[in-house]
Colleague: 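Quick one: the structure is below, and I'll ask about it shortly.
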Number of protein chains: 2
Amino acid sequence: MYAALADGNRRSMVDRLSHGPATVKQLAEPLVMSLPAVLQHLRVLEESGLVRSQKTGRVRTCYLEPAALTAAEQWIADRRAGWMSRLDRLDDFLQGEDS
Amino acid sequence: MYAALADGNRRSMVDRLSHGPATVKQLAEPLVMSLPAVLQHLRVLEESGLVRSQKTGRVRTCYLEPAALTAAEQWIADRRAGWMSRLDRLDDFLQGEDS
DNA sequence: CCAATACTTAAGCAGGTGCTTAACCATTCG
DNA sequence: CGAATGGTTAAGCACCTGCTTAAGTATTGG
């Protein structure tokens, strides 16, 4: 899941999709790489749950899955919160010592 | 940066550090891997800015860098917010159509 | 001082990632 | 129909990752 966000090109794709849905062609256009490469990145993003897509006719349209983004965000937020609260308690302790 | 969080063992280490600082030995203890492997993971985490460490005597103590976690969290939050607001506007548009 | 502890470095290796090209399938459009 | 468009599959290759073992170095503790 974070592995999907580990690659810069994939983050660019997520960034593009945050502005709205896009076809595979549109996703590929700003990227300096072949279409099959884009497909592979797209597959990684789909397997991570970050992106969904559906094919109508010959065009595949891709869009973000906000729930997956929320989950990734939450994991970081939880760890940070744990560490920060620990810093706060330490701070309280030091202040107690000081007075 | 997300590459650092891409590995499960490294996420375990971050998780452990969110409960408080730890020595290399302590970080390695719950992990099924050799000490040098832990060192390598630690190096990746330090290069990503997520973790800092300092050596006193023969013991190296590691701790989280909350600013880096915040940055990672923020990137996701921004993308999610962009996409969500777009969904909201679409929703408004459809409601306008409907009435 | 000598051995245990805690880490560190170096080398090497299996497997994974990201990319390419070549060929192919499926859906429009003229 | 037949060519153009949009996507897909397969194979292959260079490089990167995560791990290992073996051999250090640097601090303690007895």
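A, B, ... follow the sequence lines: proteins, then strands. Residue 1 opens every chain. Worth knowing before you read on, the calculation uses all heavy atoms, side chains too, and leaves out hydrogens, waters and symmetry mates. Keep in mind the model is a prediction, meaning the values are calculated, not measured.
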Colleague: Tell me, please, which residues at least two apart from E46(B) pass side chain to side chain donor-acceptor pair (under 3.5 Å).
Modeller: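 Side chain to side chain donor-acceptor pair (under 3.5 Å) list for E46(B), sorted by chain: S53(B).
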Colleague: Contact list please: residues 11-22 of chain A against DNA chain C, heavy atoms, distance less than 4.0 Å, in numerical order.
Modeller: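 Going residue by residue through residues 11-22 of chain A, none turns out to have a heavy atom under 4.0 Å of DNA chain C.
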Colleague: With the sugar-phosphate defined as primed atoms, P, OP1 and OP2, and the base as all remaining atoms, what B/S/- string results for nucleotides 18-24 of chain D, 5' to 3', for protein heavy atoms under 4.0 Å?
Modeller: SBBBB--
Colleague: Could you write out each protein N or O paired with an N or O of nucleotides 25-30 of chain D at a distance under 3.5 Å?
Modeller:
residue	atom	partner	partner atom	Å
dT27(D)	O2	R58(B)	NH1	2.9

Colleague: Only counting residues at least two apart or in another chain, list the ones meeting salt bridge (Lys or Arg N to Asp or Glu O under 4.0 Å) with R58(B).
Modeller: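 With sequence neighbours excluded, R58(B) shows a salt bridge (Lys or Arg N to Asp or Glu O under 4.0 Å) to no residue whatsoever.
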Colleague: List the residues meeting salt bridge (Lys or Arg N to Asp or Glu O under 4.0 Å) with E29(A), not counting sequence neighbours, and say none if there are none.
Modeller: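 For E29(A) there are no salt bridge (Lys or Arg N to Asp or Glu O under 4.0 Å) partners, ignoring immediate neighbours.
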Colleague: Donor-acceptor pairs are to be reported for all side-chain atoms of residues 70-80 of chain B against protein atoms at under 3.5 Å, with residues two or more places apart or in another chain.
Modeller:
residue	atom	partner	partner atom	Å
T70(B)	OG1	P66(B)	O	2.9
E73(B)	OE1	R80(A)	NE	2.8
E73(B)	OE1	R80(A)	NH2	3.2
Q74(B)	NE2	D78(B)	OD1	3.1
R79(B)	NE	D15(A)	OD1	2.8
R79(B)	NH2	D15(A)	OD1	3.0
R80(B)	NE	E73(A)	OE1	2.8
R80(B)	NH2	E73(A)	OE1	3.2

Colleague: With sequence neighbours left out, what residues match S18(A) under side chain to side chain donor-acceptor pair (under 3.5 Å)?
Modeller: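 S18(A): no side chain to side chain donor-acceptor pair (under 3.5 Å) contacts found.
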Colleague: Quick one: list whatever passes side-chain contact (heavy atoms from CB on, under 4.5 Å) with T61(A), sequence neighbours left out.
Modeller: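 T61(A) satisfies side-chain contact (heavy atoms from CB on, under 4.5 Å) with P21(A) only.
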Colleague: I need the full list of ring-ring contact (aromatic ring centres under 6.0 Å, His included) pairs touching residues 17-70 of chain B, with sequence neighbours left out, sorted by first then second residue.
Modeller: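 As it turns out, there is no ring-ring contact (aromatic ring centres under 6.0 Å, His included) pair with a partner in residues 17-70 of chain B once direct neighbours are skipped.
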Colleague: Apply side-chain contact (heavy atoms from CB on, under 4.5 Å) to A28(B) and list each qualifying residue two or more places apart in sequence or on a separate chain.
Modeller: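 L35(B), V38(B).
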Colleague: Which residues pass the side-chain contact (heavy atoms from CB on, under 4.5 Å) test with A37(B), not counting sequence neighbours?
Modeller: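 Residues passing side-chain contact (heavy atoms from CB on, under 4.5 Å) with A37(B): M33(B), S34(B).
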